[in-house]
Amino acid sequence: MERLQKQMDFIVEVDKVKQIIRQTYLSDASRKEDDAEHSWHLALMAVLLSEYSNEEVDLKKVVPMVLIHDLVEIDAGDTYAYDEAGAQTKVERETKAADRIFGMLPEDQGRWFRDLWDEFETYESADAKFAHVLDNCQPLLLNDASNGRSWAEHGVRKSQIYKRNEHTSEGSREIWKYMQKLIDKHVELGHVIDK
């Protein structure tokens with residue numbers, strides 16, 4: 001019963017991820033998405049788009065990886081992709097959160113989730129590289145669908161998007177090419193600053 005209680009406590013705790021509001025709008029621009037919606041979207045994208053990964057990926061790892069990658073934001077908060085000040089403390093905040101949140105689970109499951117989270121963060125394996133492609137692509141797709149709303153609100157520059165995606169082609173050259181076309185489109189429309 002102790003194991004089951006830890007699992008149930010964790011399940012209730014991670015419900016808080018639904019309260020973490022991101023800067024990206026839903027496709028209809030009616031409101032901003034939350035972390036749970038984002039993670040669900042990435043899991044579905046992983047299943048649909050794995051054929052475009054540069055290397056073979058294991059969906060039994062990628063799907064849980066994208067489902068748990070933002071759970072740390074329950075404690076650490078969402079750091080907007082282009083928030084330079086927030087980025088300075090992000091690793092420390094998120095590592096502390098990972099210790100607490102994954103530490104709630106039975107040891108074997110807590111270690112598995114923590115290892116998946118660490119793998120995502122280190123960005124070295126094929127699975128992690130592909131998971132990052134999805135994590136970077138999804139907000140871009142929603143920005144495109146919402147007429148560049150979040151980019152325009154934050155005065156995002158093309159150079160910032162390219163800096164954030166400097167390794168995206170390592171996970172999927174095809175998806176990165178697709179993303180570049182969308183970025184160029186929004187530069188032309190004036191939603192992204194061309195510098």
Side-chain angles (χ1 to χ4, degrees), residues 17-18 20-55 57 59 62-63 65-67 69-70 73 76-91 94 120-124 126-195:
V17 81
K18 298 173 186 174
I20 309 299
I21 305 301
R22 298 168 48 81
Q23 293 301 310
T24 307
Y25 285 89
L26 299 179
S27 59
D28 68 357
S30 61
R31 65 172 174 84
K32 294 177 179 178
E33 71 174 348
D34 66 45
D35 269 355
E37 293 165 325
H38 170 70
S39 297
W40 161 82
H41 215 181
L42 297 188
L44 182 59
M45 290 170 66
V47 173
L48 293 173
L49 302 176
S50 62
E51 66 190 90
Y52 300 105
S53 177
N54 293 343
E55 301 176 65
V57 293
L59 288 177
V62 175
V63 170
M65 186 181 287
V66 297
L67 286 172
H69 81 289
D70 277 344
E73 294 183 2
D78 177 51
T79 304
Y80 181 54
Y82 309 112
D83 176 3
E84 292 176 17
Q88 293 176 7
T89 61
K90 180 180 176 186
V91 171
E94 290 189 351
F120 178 83
E121 291 298 312
T122 57
Y123 205 115
E124 293 174 358
D127 296 328
K129 288 176 183 178
F130 185 64
H132 272 280
V133 168
L134 304 173
D135 194 34
N136 291 345
C137 175
Q138 188 260 6
L140 201 147
L141 288 171
L142 292 180
N143 261 297
D144 179 53
S146 64
N147 207 26
R149 184 167 177 185
S150 179
W151 286 329
E153 283 182 1
H154 291 278
V156 173
R157 299 182 308 275
K158 181 178 178 178
S159 60
Q160 289 175 295
I161 299 171
Y162 270 73
K163 174 71 175 159
R164 176 165 172 76
N165 287 282
E166 65 185 331
H167 299 291
T168 298
S169 67
E170 295 172 22
S172 174
R173 286 178 292 278
E174 285 187 68
I175 292 175
W176 174 233
K177 285 179 191 173
Y178 184 88
M179 290 169 64
Q180 287 175 299
K181 290 177 185 175
L182 294 181
I183 296 163
D184 290 342
K185 170 185 164 183
H186 287 277
V187 167
E188 288 177 23
L189 290 170
H191 304 145
V192 172
I193 300 166
D194 191 9
K195 64 175 183 174

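The analysis underlying the following values was restricted to heavy atoms, covering all of them including side chains, and did not include hydrogens, waters or symmetry mates.
- Identified under the ring pair (Phe, Tyr, Trp, His ring centres under 6.0 Å) test for residues 27-51, with sequence neighbours left out: H38-H69.
- Applying the 6.0 Å contact sphere to CD of E51 captures more than 12 heavy atoms from other residues, nucleotides or ligands.
- When the salt bridge (charged side-chain N to carboxylate O under 4.0 Å, His left out) test is applied to K90, no partner is found at least two apart in sequence or on another chain.
- V66 places none of its side-chain heavy atoms less than 4.5 Å from the side chain of M45.
- Between G171 and F130 the shortest heavy-atom distance is O-CD1, 4.2 Å.
- Note that CG of L49 and CD of E174 are 10.5 Å apart. Values are rounded to the nearest 0.5 Å.
- The side-chain heavy atoms of N136 and L140, taken from C-beta on, include no pair separated by under 4.5 Å.
- Distance alone, capped at 3.5 Å, is enough to place a donor-acceptor pair between the N143 side chain and the W151 backbone.
- Looking at D70, D135, V63 one by one, the single match for side chain to side chain contact (heavy atoms under 4.5 Å, CB included) with L42 turns out to be D135.
- Taking every heavy atom of both residues into account, S27 and L142 meet most closely at N-CD2, 3.8 Å.
- Summarising the geometry of G148 relative to H186, their closest heavy-atom pair is N-CE1, 3.7 Å, with the distance given to 0.1 Å.
- Listed by first and then second residue, the salt bridge (charged side-chain N to carboxylate O under 4.0 Å, His left out) pairs involving residues 141-159 are D144-K185, R149-E153, K158-D184 (not counting sequence neighbours).
- Under the side chain to side chain contact (heavy atoms under 4.5 Å, CB included) criterion, H154 pairs with Q23, Y80, S150, V156, not counting sequence neighbours.
- The side chain to side chain donor-acceptor pair (under 3.5 Å) check on E166 picks up K163, with sequence neighbours excluded.
- Listed by chain and number, the residues in a salt bridge (charged side-chain N to carboxylate O under 4.0 Å, His left out) with D194 amount to none (sequence neighbours excluded).
- Residues S172 and I175 come closest through the heavy atom pair OG-N, 3.1 Å.
- Residues V57 and A126 share a closest heavy-atom pair of CG1-O, 3.7 Å.
- A pairwise comparison of heavy atoms in G155 and I193 identifies O-CD1, 3.4 Å as the closest pair.
- Residues K129 and N54 fail the side-chain proximity criterion, which asks for heavy atoms closer than 4.5 Å.
- The 12-atom threshold is not exceeded at OH of Y178, counting heavy atoms of other residues, nucleotides or ligands nearer than 6.0 Å.
- In this structure, the side chain of N165 engages the main chain of I161 through a donor-acceptor pair within 3.5 Å.
- The CZ atom of R173 sits 9.0 Å away from atom OG of S53, with the distance rounded to the nearest 0.5 Å.
- In this structure, the separation between NZ on K195 and CD on Q160 is 9.5 Å, given to the nearest 0.5 Å.
- Put simply, the side chain of Q180 reaches to within 4.5 Å of the side chain of Y162, judged on heavy atoms.
- A 4.5 Å side-chain heavy-atom check between E94 and E73 finds at least one atom pair inside the cut-off.
- Counting only heavy atoms from C-beta outward, the side chains of I21 and D78 never approach each other to under 4.5 Å.
- A distance of 13.5 Å separates CD of E37 from NZ of K32, quoted to the nearest 0.5 Å.
- Side chain of H132 to backbone of T168: no donor-acceptor contact under 3.5 angstrom is found.
- Between V133 and Y52, the closest side-chain pair of non-hydrogen atoms is not below 4.5 Å.
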